[in-house]
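Reading through the structure tokens given below for one structure.
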Amino acid sequence: MPSSPDPGESTAEELLSRVARGDREAFSDVYDALSGPVLGLVRSVVRDPAQSEEVVQDVMVEVWRTAARFRPERGSARSWVLTLAHRRAVDRVRSAQAAADREQKAALLARTPAFDEVSEQVEGRLERVQVRRCLRMLTELQREAVTLAYYRGLTYREVAGLLSLPLGTVKTRLRDGLIRLRDCLGVGT
């Protein structure tokens, strides 16, 4: 079995080439050479020491898994690893910010009542007062037909039978009464 070169003699590019072939010793040398600069870069982005260490670990695992993707003609091994580290650190910061934003939004939603009960009660009372006022503006016959049909839930035919009026007359009274109510209440057509 050939002996591996002394780490001091191998360049980071050569080491990554060996890591790509599964050489654990070469990975150990890459780790020793680059984990310090990676940690420094990650700490400057992430700030939290514990999360920084996690990111460094993730980056170094990624180096082990993806060393075959390194292309020496595109840059140095150090630059490639530091680029991976920077991207991973930025992803961690964005992820943490998104989680914090989601938690803040959830907390706001939990504190905000689904509706304002008091204002809904006031609005309901005001609407009832206005409907009563508008009902008083109808003729007695219109008011009676509308009240039977809409408040007692009777059909037009039942209203006609109860009032001893032809069905057509009841429909006309209801239509005219509803038009006057709509106009009085200011409801759009």
Side-chain angles (χ1 to χ4, degrees), residues 1-131 150 153 178 182 185-189:
M1 185 157 138
S3 64
S4 61
D6 182 35
E9 297 174 15
S10 298
T11 65
E13 289 75 18
E14 292 169 349
L15 289 171
L16 273 181
S17 174
R18 290 176 36 215
V19 170
R21 294 189 302 268
D23 186 333
R24 292 173 187 243
E25 224 176 279
F27 177 71
S28 177
D29 293 340
V30 168
Y31 188 92
D32 291 342
L34 297 177
S35 62
V38 167
L39 179 61
L41 173 69
V42 170
R43 287 284 307 264
S44 71
V45 175
V46 176
R47 304 271 188 230
D48 180 284
Q51 284 195 26
S52 295
E53 290 171 6
E54 287 179 23
V55 171
V56 170
Q57 182 179 353
D58 291 345
V59 168
M60 297 315 288
V61 169
E62 186 175 357
V63 167
W64 171 255
R65 287 187 10 253
T66 64
R69 293 184 192 164
F70 169 68
R71 299 289 174 251
E73 63 275 5
R74 296 182 74 190
S76 71
R78 179 183 174 96
S79 295
W80 182 72
V81 173
L82 290 176
T83 299
L84 293 176
H86 185 262
R87 287 179 183 158
R88 189 61 68 104
V90 169
D91 287 347
R92 177 63 64 104
V93 169
R94 286 179 180 157
S95 175
Q97 184 61 50
D101 291 347
R102 281 191 305 274
E103 288 175 12
Q104 183 178 14
K105 188 176 181 179
L108 285 174
L109 289 174
R111 280 189 288 166
T112 305
F115 61 91
D116 185 354
E117 200 172 314
V118 173
S119 66
E120 283 202 14
Q121 288 177 356
V122 169
E123 280 181 38
R125 286 182 187 146
L126 290 174
E127 287 172 0
R128 285 192 296 276
V129 167
Q130 188 174 8
V131 168
Y150 290 95
L178 291 175
R182 179 194 67 201
L185 293 170
V187 178
T189 54

Does any pair with a residue in residues 82-99 pass salt bridge (charged side-chain N to carboxylate O under 4.0 Å, His left out), and if so which ones, sequence neighbours excluded?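 Those involving residues 82-99 are E54-R92, D58-R88, D58-R92, E62-R88.
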
Any pair counted as salt bridge (charged side-chain N to carboxylate O under 4.0 Å, His left out), so long as it reaches residues 65-78, sequence neighbours left out: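 Residue pairs passing salt bridge (charged side-chain N to carboxylate O under 4.0 Å, His left out), neighbours aside: none found.
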
Within a 6.0 Å radius of atom CD on Q57, are there more than 12 heavy atoms belonging to other residues, nucleotides or ligands?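 Open: at most 12 neighbouring heavy atoms sit under 6.0 Å from CD of Q57.
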
Given L15, which of L34, D23, D29 fulfils the side chain to side chain contact (heavy atoms under 4.5 Å, CB included) condition?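 It is D29, the one option of L34, D23, D29 that forms the side chain to side chain contact (heavy atoms under 4.5 Å, CB included) with L15.
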
Candidate list L41, V59, V42, test side chain to side chain contact (heavy atoms under 4.5 Å, CB included), partner L82, passing option: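 One option only clears the test, and that one is L41.
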
Pair V19, F70 - check side-chain contact (heavy atoms from CB on, under 4.5 Å), show working. CA-CA 10 Å; V19 170; F70 169 68; over 6 Å; no

V90 and H86: side-chain contact (heavy atoms from CB on, under 4.5 Å), yes or no, with the steps? CA-CA 6 Å; V90 169; H86 185 262; 3.6 Å; yes

Nearest-0.5 Å distance that lies between atom CZ in R128 and atom CD in E123: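 Separation between the atoms: 11.5 Å.
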
With sequence neighbours left out, what residues match Y31 under side chain to side chain contact (heavy atoms under 4.5 Å, CB included)?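 Residues passing side chain to side chain contact (heavy atoms under 4.5 Å, CB included) with Y31: F27, S35, M60.
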
Test item: side-chain donor near acceptor, S17 and R21, under 3.5 Å: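 Note: S17 and R21 side chains meet the donor-acceptor criterion.
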
Could you pull out the closest heavy-atom pair between E13 and S76, with the gap in Å?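 Between these two residues, the closest heavy atoms are OE2-CA, 3.2 Å.
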
